[in-house]
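Worksheet: one structure, shown below.
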Amino acid sequence: MTAQTDTPGSVTTVYKVSGMSCGHCEGAVSGELSELAGVASVKAVASTGEVTVVSTGALDDEAVRAAVDEAGFELVGQA
């Protein structure tokens, strides 16, 4: 698992999510992930299946998986 640090105190992680096919899907995944503690921003792209999360620190993989599951999609792993 590799996370990139863009600025001091922030971590950017790109996840692969399967099943997203439209803007509504992107919004569902983004909404669930945005609720996790420490998440500053989320950008989901259905066409690539990638979700970029900027957070104040490393996120718990199981919490990310649970949020993606709650949105109705499957976390494949980190890109």
Side-chain angles (χ1 to χ4, degrees):
M1 292 183 215
T2 305
Q4 301 169 351
T5 302
D6 292 333
T7 58
S10 76
V11 176
T12 300
T13 309
V14 180
Y15 296 97
K16 289 294 280 183
V17 175
S18 68
M20 293 189 301
S21 61
C22 64
H24 181 268
C25 299
E26 294 169 349
V29 171
S30 295
E32 290 295 332
L33 288 171
S34 293
E35 293 180 15
L36 295 178
V39 171
S41 70
V42 180
K43 180 177 181 183
V45 180
S47 62
T48 62
E50 292 186 347
V51 180
T52 303
V53 179
V54 178
S55 57
T56 57
L59 298 175
D60 177 66
D61 288 336
E62 288 309 310
V64 172
R65 184 174 305 282
V68 171
D69 285 348
E70 183 66 27
F73 302 95
E74 181 183 355
L75 178 67
V76 177
Q78 291 189 16

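Just so you know, residue 1 is the first one in the sequence shown, and it goes up from there.
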Open item on the list: Is there a side-chain contact between Leu59 and Tyr15 in this structure, where contact means two heavy atoms from C-beta onward sitting under 4.5 Å apart?
Closed with: yes

Closest heavy-atom contact between [X] and [Y]?
| X | Y | value |
| --- | --- | --- |
| Leu75 | Arg65 | O-NH1, 3.0 Å |
| Ser10 | Val54 | CB-CG1, 4.2 Å |
| Val39 | Ser34 | CG1-CA, 4.0 Å |

Please table the atom pairs, donor to acceptor, closer than 3.5 Å between any side-chain atom in residues 17-32 and protein atoms at least two apart or in another chain.
| unit_1 | atom_1 | unit_2 | atom_2 | d |
| --- | --- | --- | --- | --- |
| Glu26 | OE2 | Ala46 | N | 2.7 |
| Ser30 | OG | Glu26 | O | 2.9 |

Open item on the list: Please check this pair: side chain of Lys16 against backbone of Thr48, looking for a donor-acceptor N/O pair closer than 3.5 Å.
Closed with: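 Yes; judged by distance alone, with no hydrogens or angles, the pair exists.
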
Task: Residues that Ala63 engages under side chain to side chain contact (heavy atoms under 4.5 Å, CB included), provided they are two or more places apart - done: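 Ala63 satisfies side chain to side chain contact (heavy atoms under 4.5 Å, CB included) with Leu36, Asp60 only.
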
